[in-house]
Amino acid sequence: MSPPTRELSVVVPLLNESESLAGLCDGLRKKLDGKIDYEIVFVDDGSRDNSWKVITDLYHEYDNIKAVSFRSNRGKSYSLAAGFIEASGKIIVTMDADLQDEPADILRMVDKINEGYDVVAGWKHRKASLFRLILTKIFNFSVRATTGIKLHDFNCSLKVYRSEVVRNIKLYGELHRFLPVLASWQGFRVTEIKVANYERRYGRSKYGLARIWRGFFDLASIVFIVRYGKKPLHVFGGLGMLFFTIGFIVDLYMTMLRFQGEKIGDRPLFMLGTLMIVLGVQFFTMGLLGESINYSFSDSRESRNFYREVLKHDDQ
Ligand code: UDP
Ligand code: MG
């Protein structure tokens, strides 16, 4: 990330949104000009329409616009990550390009940051089919239940961060929806406010229903990464011991029967016992593998990410 020079950076990831971009820029100028020192950071995620041409024109017209483009489509998480690298604001906003968010909400969210919060998530009331609404509710409930982060809407694109937050968090895959979860886990203060949400005016949504169930996989990864990513043996070791112990007891019992003269070769219980021993050993070794991968890739300097404040004299 560039050193902070602006008050605020609005990071806009976009894929084939040429019709919306000028309007977006206008909306931001109307609501933010004169109120806060800001820049817009466009990240063109491999658009195949006219988007980059529109962005280039806007860039030549205004001096508070920055833009990068990807050679091919990489997804919203990588686009946001690139935007965060290029952004120079002390406060970072993420916003969609499709005019579904209300630029005026940004200032209300910035007020919350100035109250002392590190992350402010938007909470939108989306108009969608009943089926989709129910799935979304289940998704949000599951995220709350498994992560303990009490937000109503994890999918809202409009979010505001103090720049330290996005600087400290690795973003890849499809994990952008969980930025507030990762932030909260790192000790940042997270809150939410209700925001407006409009219908899409131009183009169409880049995601289908598939995103919702993929969201559950992402949730499983994030919960695992957050809780056990750095100590995989605590999960796999436990599972391994459990399976091994049950298998061992079962087979011990079988062995006793064998010594009493019974035939055990065709007993399903014997198979089960053996299977559990093998699985147990495999779980355990999987955990050990995970630990050694961690060891090779980890860097104790990472703990600097956890600092809140440092007091040091010049000569220290
Ligand atoms: N987007 C992107 N890369 C992608 C898919 C989407 O940068 O691979 C952008 C898209 O242009 C928009 C934002 O991410 O600015 C949200 O996408 P969309 O509006 O399609 O999602 P929805 O609002 O339907 O959830
Ligand atoms: Mg949208």
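Both counts, for ligands and for their atoms, begin at 1 and track the order of listing.
Each protein N/O/S atom under 2.8 Å from the Mg ion (ligand 2) was counted, for a total of 2.
For ligand 1, the protein residues within 4.0 angstrom (heavy atoms only) are Pro13, Leu14, Leu15, Glu17, Asp45, Asn73, Gly75, Lys76, Asp96, Ala97, Asp98, Gln100, Arg126, Arg200, Ser205, Lys206, Tyr207, Arg211.
For the residue pair Ser157 / Asp96, a side-chain donor-acceptor distance below 3.5 Å is found, with atom types taken as modelled. Judged by distance alone, the side chains of Asn16 and Ser51 never bring a donor and an acceptor atom under 3.5 Å apart. For the residue pair Glu39/Ser88, the side-chain donor-acceptor check at 3.5 Å is satisfied.
Residues meeting the side-chain hydrogen bond (donor to acceptor under 3.5 Å, both in side chains) test with Tyr198, sequence neighbours left out: Glu102. In this structure, Tyr78 has no side-chain hydrogen bond (donor to acceptor under 3.5 Å, both in side chains) partners at least two apart in sequence or on a different chain.
Aromatic ring orientation, Phe224 versus Tyr228: tilted (interplanar angle from 30° to 60°).
Centroid-to-centroid, the aromatic rings of Phe216 and Phe139 come within less than 6.0 Å.
Residues Lys124 and Asn155 have side chains in contact (heavy-atom distance under 4.5 Å, counting atoms from C-beta outward).
Atom CD1 of Ile222 sits about 11.0 Å away from atom CZ of Arg177, to the nearest 0.5 Å.
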